[in-house]
Amino acid sequence: MINERINNAYDFIADKGNFSPKVGLILGSGLGDFANTLENPTAIPFGDIPNFPKPTVEGHTGAFVFGKHKGLEVVALQGRIHYYEGYTMEEVTMPVRIMKKFGTHTVIITNAAGGVNESFGAGTLMQITDHINFSGGNPLIGPNIAEFGPRFPDCTNIYTKDLVEKLNQAATKAEITLQKGVYIMFSGPNYETPAEIRFCRTIGADAVGMSTVPEAIVAAHANMRVMGISCVTNAAAGILDQELNHAEVVEVANRVKADFTKLLSLAIEIGSGK
Ligand code: HPA
């Protein structure tokens with residue numbers, strides 16, 4: 001039972017310190033360095049946690065890092081677990097439920113994504129306003145875990161509108177260009193075909209990726225507030241006359257690190273209610 005695994009992992013982590021992060025961060029491909037900036041960090045590698053999934057992708061080290069950012073207590077997931085690695089969606093979303101058990105009320109989910117909207121080129125930062133679950137899976141399939149939330153959770157406002165607006169204003173003030181858009185998830189691991197990208201555009205998506213949606217659904221189920229930030233690392237397939245590769249994704253994510261870090265800092269303050 002997944003709940004037993006979540007409880008065991010929680011007990012193991014809770015034993016390592018007195019943690020009560022109000023904000024949780026999930027750091028996407030090439031964006032994990034932010035966890036190294038936390039004050040007073042305690043890192044708990046996934047590999048140490050009993051019966052816990054381990055990330056297998058290059059560019060993703062796996063650890064919970066508890067610490068402070070500008071005096072605010074947070075937990076960062078450095079290296080998420082992906083559906084395409086062969087884990088179930090229940091496993092992929094274990095960290096979010098563990099955060100919930102620590103009292104986290106707001107999750108900031110980040111990712112590297114392809115730009116479907118033709119005006120979102122490499123290096124664009126996009127705030128997620130909504131998503132399309134095109135992954136073929138759903139983390140809530142199976143017996144409902146009532147401890148976390150209801151059988152049929154509402155998803156009208158997953159990416160909390162009020163927080164979207166606050167971050168938008170803060171970004172403008174800090175002179176960070178921040179777009180807004182809809183994120184669509186494919187399972188991956190292959191990048192999409194040009195035909196799939198045209199389809200994505202037709203149905204209203206602005207950015208495409210292989211993560212975030214499961215975590216956002218599980219957070220919404222548990223009545224947590226969600227902020228989503230995509231770092232567009234490339235124009236999606238078929239837009240430019242070039243092929244896509246993971247090295248480029250990581251390279252671009254690294255290139256926008258300065259603005260991304262500032263944005264994340266603002267998001268933490270807003271998410272904490274400061
Ligand atoms: N497609 C899917 N996932 C991605 C992409 C993309 O173009 N870029 C970075 N992650």
Side-chain angles (χ1 to χ4, degrees), residues 25-34 55-62 77-87 89 92-93 108-137 139 159 178-217 227-257 259-261 263-264:
L25 314 169
I26 300 178
L27 303 170
S29 293
L31 306 170
D33 282 358
F34 188 83
T56 59
V57 200
E58 214 185 306
H60 296 269
T61 44
L77 201 67
Q78 192 174 36
R80 60 148 63 80
I81 302 137
H82 289 88
Y83 187 43
Y84 60 70
E85 292 174 82
Y87 293 112
M89 287 226 172
V92 165
T93 53
I108 303 168
I109 312 179
T110 69
N111 59 52
V116 171
N117 184 321
E118 280 163 320
S119 57
F120 294 178
T124 302
L125 292 171
M126 183 193 96
Q127 210 180 165
I128 303 174
T129 54
D130 203 351
H131 75 220
I132 298 170
N133 180 8
F134 199 69
S135 65
Y159 302 88
L178 181 60
Q179 307 290 347
K180 285 187 198 161
V182 173
Y183 177 90
I184 184 168
M185 177 186 174
F186 278 61
S187 71
N190 59 289
Y191 291 113
E192 303 70 32
T193 65
E196 286 166 343
I197 295 304
R198 289 193 296 276
F199 163 76
C200 290
R201 197 173 300 120
T202 305
I203 64 172
D206 296 289
V208 59
M210 309 175 193
S211 68
T212 301
V213 167
E215 293 103 320
I217 290 174
M227 300 169 91
I229 303 169
S230 287
C231 169
V232 175
T233 53
N234 55 280
I239 296 177
L240 303 176
D241 188 21
Q242 64 189 44
E243 297 183 355
L244 311 183
N245 64 74
H246 184 64
E248 181 197 3
V249 167
V250 174
E251 193 266 311
V252 176
N254 270 312
R255 184 144 53 78
V256 299
K257 203 176 281 174
D259 269 0
F260 176 78
T261 304
L263 193 60
L264 212 46

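Both counts, for ligands and for their atoms, begin at 1 and track the order of listing. For this chain, numbers begin at 1 and follow the sequence in order. Please read these numbers as outputs of a predicted model, since none were measured by experiment.
- When side chains are defined from C-beta on, Phe34 does not count as touching Gln78, because their heavy atoms never get closer than 4.5 Å.
- Arg80 contributes a side-chain N or O that, together with a main-chain N or O of Thr110, makes up a donor-acceptor pair within less than 3.5 Å.
- Remark: Arg255 engages Glu251 in a salt bridge (charged side-chain N to carboxylate O under 4.0 Å, His left out) (not counting sequence neighbours).
- Counting heavy atoms from C-beta on, the side chains of Asn117 and Thr124 never come closer than 4.5 Å.
- Checking side-chain atoms of Thr129 against main-chain N and O of Gly181 turns up a donor-acceptor pair under 3.5 Å.
- Note: Phe134 and Phe199 meet the aromatic proximity criterion, with ring centroids under 6.0 Å apart.
- A distance limit of 4.0 angstrom between heavy atoms and ligand 1 selects the residues Ala112, Ala113, Gly114, Tyr191, Glu192, Val208, Gly209, Met210, Thr233, Asn234, Leu244, Val249.
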